Colleague: 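I'd like to ask you about the structure that follows.
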2 protein chains.
Amino acid sequence: MTSGQPLPQDREPSWTIAQVAERTGLSHDTLRYYEKAGLIERVGRTTGNQRRYEAADLLWLEFLLRLRETGMSISDMQHYARLRAEGDATVADRLAMLREHRAELADRMRALRRNASALDDKIEHYERLLDERRPGTDELT
Amino acid sequence: MTSGQPLPQDREPSWTIAQVAERTGLSHDTLRYYEKAGLIERVGRTTGNQRRYEAADLLWLEFLLRLRETGMSISDMQHYARLRAEGDATVADRLAMLREHRAELADRMRALRRNASALDDKIEHYERLLDERRPGTDELT
DNA sequence: GCTTGACCTGGAGCGCGCTCCAGGTTCTAC
DNA sequence: GTAGAACCTGGAGCGCGCTCCAGGTCAAGC
């Protein structure tokens with residue numbers, strides 16, 4: 001009867017907050033803040049109340065970071081996280097959120113491309129302007 | 001001797017702050033804030049001290065908005081505006097700033113594309129998941 | 001057992017980019 | 001000339017997304 005329950009060494013691997021911070025690029029404070037804000041469900045603890053992140057926590061964090069990097073606000077991520085916590089019944093709602101976010105992202109990317117090419121024009125303009133001002137450089141070589 | 005100096009009706013067109021706000025999508029407060037912050041050189045005034053924006057002001061504002069929309073911070077825009085105010089001698093510096101900004105923009109756009117396609121995968125995954133859960137819908141029609 | 005560094009909590013503070021406010025002046029239309 | 005809308009200034013306030021702090025507890029190596 002020593003092997004019915006998972007023994008300590010059978011447990012899935014877990015990471016300290018410092019390791020997760022290192023890996024995600026988030027600070028300790030930000031990780032704790034995300035948990036306090038409800039973006040992450042309460043992370044498992046040691047008997048001494050220290051966080052131990054598991055693989056699933058890391059996957060979720062990576063997804064959150066993708067949302068953040070594509071410009072989703074904390075409050076929208078909170079909304080998404082709440083839906084997720086409610087389980088499979090909210091899959092359609094989450095899909096709708098992702099589709100809307102994706103569409104906004106497409107808009108922003110279009111705008112960025114437009115602005116980027118306007119910047120390119122300006123840069124080219126400055127380059128020509130500088131070339132014209134130092135015409136001797138070439139003639140002397 | 002009545003036509004040597006530009007008469008009032010010869011003046012170039014100008015716009016009130018409300019018209020510029022309407023046109024740029026910025027609020028009155030933001031326009032005043034940008035001027036106070038040194039992003040815009042002091043705009044011309046009526047004798048009664050009310051702002052009258054001219055064509056050159058609008059062009060510069062549009063350029064600033066392009067920098068802002070591509071993620072440049074106010075303090076970097078202040079730096080750029082200071083260089084511009086110093087005149088042609090700073091063209092090379094401004095070009096360097098624009099090139100760096102453009103490179104950062106390219107990086108961010110690459111990251112956005114990566115994240116966008118990861119989002120697309122997730123969206124597809126949810127779509128399949130929903131389809132599988134309601135297999136009857138098709139069979140009955 | 002002790003030391004030292006990592007970790008905990010609740011709550012205050014901060015930098016950014018505006019936004020709002022009070023109290024006053026100017027412009028426009030009648 | 002007057003009413004009402006638009007504008008002015010300096011400065012306070014705000015929402016966001018963290019970041020820092022104080023005052024403690026816990027864990028790992030010696």
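Order of the sequence lines sets the chain letters (A, B, ...), proteins ahead of strands, with each chain counted from 1. Computed from a predicted model, the values in this text were never measured in an experiment.
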Colleague: Which whole-number value in Å describes the distance from B/I17 CD1 to D/dA6 C1'?
Modeller: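 After rounding, the reported distance stands at 10 Å.
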Colleague: Do the side chains of A/E35 and A/R45 get close enough for a salt bridge, i.e. N-O under 4.0 angstrom?
Modeller: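 Looking at A/E35 and A/R45, the cut-off is met.
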Colleague: Could you encode protein contacts along nucleotides 15-20 of chain C as a string, one character per nucleotide from 5' to 3', using B for base contact, S for sugar-phosphate-only contact and - for no contact, with a heavy-atom cut-off of under 4.0 Å?
Modeller: --BBBB
Colleague: Ion pair present between B/E69 and A/R114, side-chain N to carboxylate O less than 4.0 angstrom?
Modeller: no
Colleague: What's the angle between the local helix axes at either end of the helix from C/dG1-D/dC30 to C/dC30-D/dG1, using five pairs per end and rounding to 10 degrees?
Modeller: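 Taking five pairs per end, the axes differ by 20°.
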Colleague: Do the charged groups of B/E124 and B/R128 touch, with an N to O distance under 4.0 Å?
Modeller: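 Between B/R128 and B/E124 there is a salt bridge, with a charged N closer than 4.0 Å to a carboxylate O.
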Colleague: Between B/W60 and B/Y80, what is the ring plane arrangement, given parallel below 30°, perpendicular above 60°, and tilted in between?
Modeller: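 Parallel: the ring planes of B/W60 and B/Y80 meet at under 30°.
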Colleague: Compare side-chain N and O positions of B/T47 against OP1 and OP2 of C/dT26 and report whether any pair is under 4.0 Å apart.
Modeller: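 No, B/T47 has no side-chain N/O under 4.0 Å of OP1/OP2 on C/dT26.
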Colleague: Would you indicate, yes or no, if D/dC7 has its OP1 or OP2 atom less than 4.0 angstrom from a side-chain nitrogen or oxygen of B/R51?
Modeller: no
Colleague: Assess A/R23 against A/W15: is NZ or CZ under 6.0 Å from the centre of the six-membered ring, and within 45 degrees of the ring's axis?
Modeller: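 The answer is yes; both the distance and angle limits are met.
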Colleague: Over how many whole Å does the gap from A/R45 atom CZ to D/dA27 atom P extend?
Modeller: 13 Å
Colleague: Can you tell me the distance, in whole Å, between the CD atom of A/Q50 and the C1' atom of D/dA28?
Modeller: 11 Å
Colleague: From CG of A/N49 over to P of C/dC7, roughly how many Å is that when rounded to an integer?
Modeller: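 About 13 Å, once rounded to whole Å.
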Colleague: Atom CD of residue position A/Q19 - does it have more than 12 heavy atoms of other residues, nucleotides or ligands inside 6.0 Å?
Modeller: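 Yes, CD of A/Q19 has more than 12 neighbouring heavy atoms, counting only those of other groups under 6.0 Å.
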Colleague: Could you tell me how far apart B/R52 (CZ) and C/dT26 (C1') are, to the nearest whole angstrom?
Modeller: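 Computing the B/R52:CZ to C/dT26:C1' distance gives 10 Å.
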Colleague: Of the non-hydrogen atoms in A/E54 and A/E12, which two are nearest, and what is the gap between them?
Modeller: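 The pair with the smallest heavy-atom distance is OE1-OE2, 3.3 Å.
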Colleague: Between the side chains of A/R94 and B/Y126, is a donor N or O closer than 3.5 angstrom to an acceptor N or O?
Modeller: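 B/Y126 and A/R94 do have a side-chain donor-acceptor pair below 3.5 Å.
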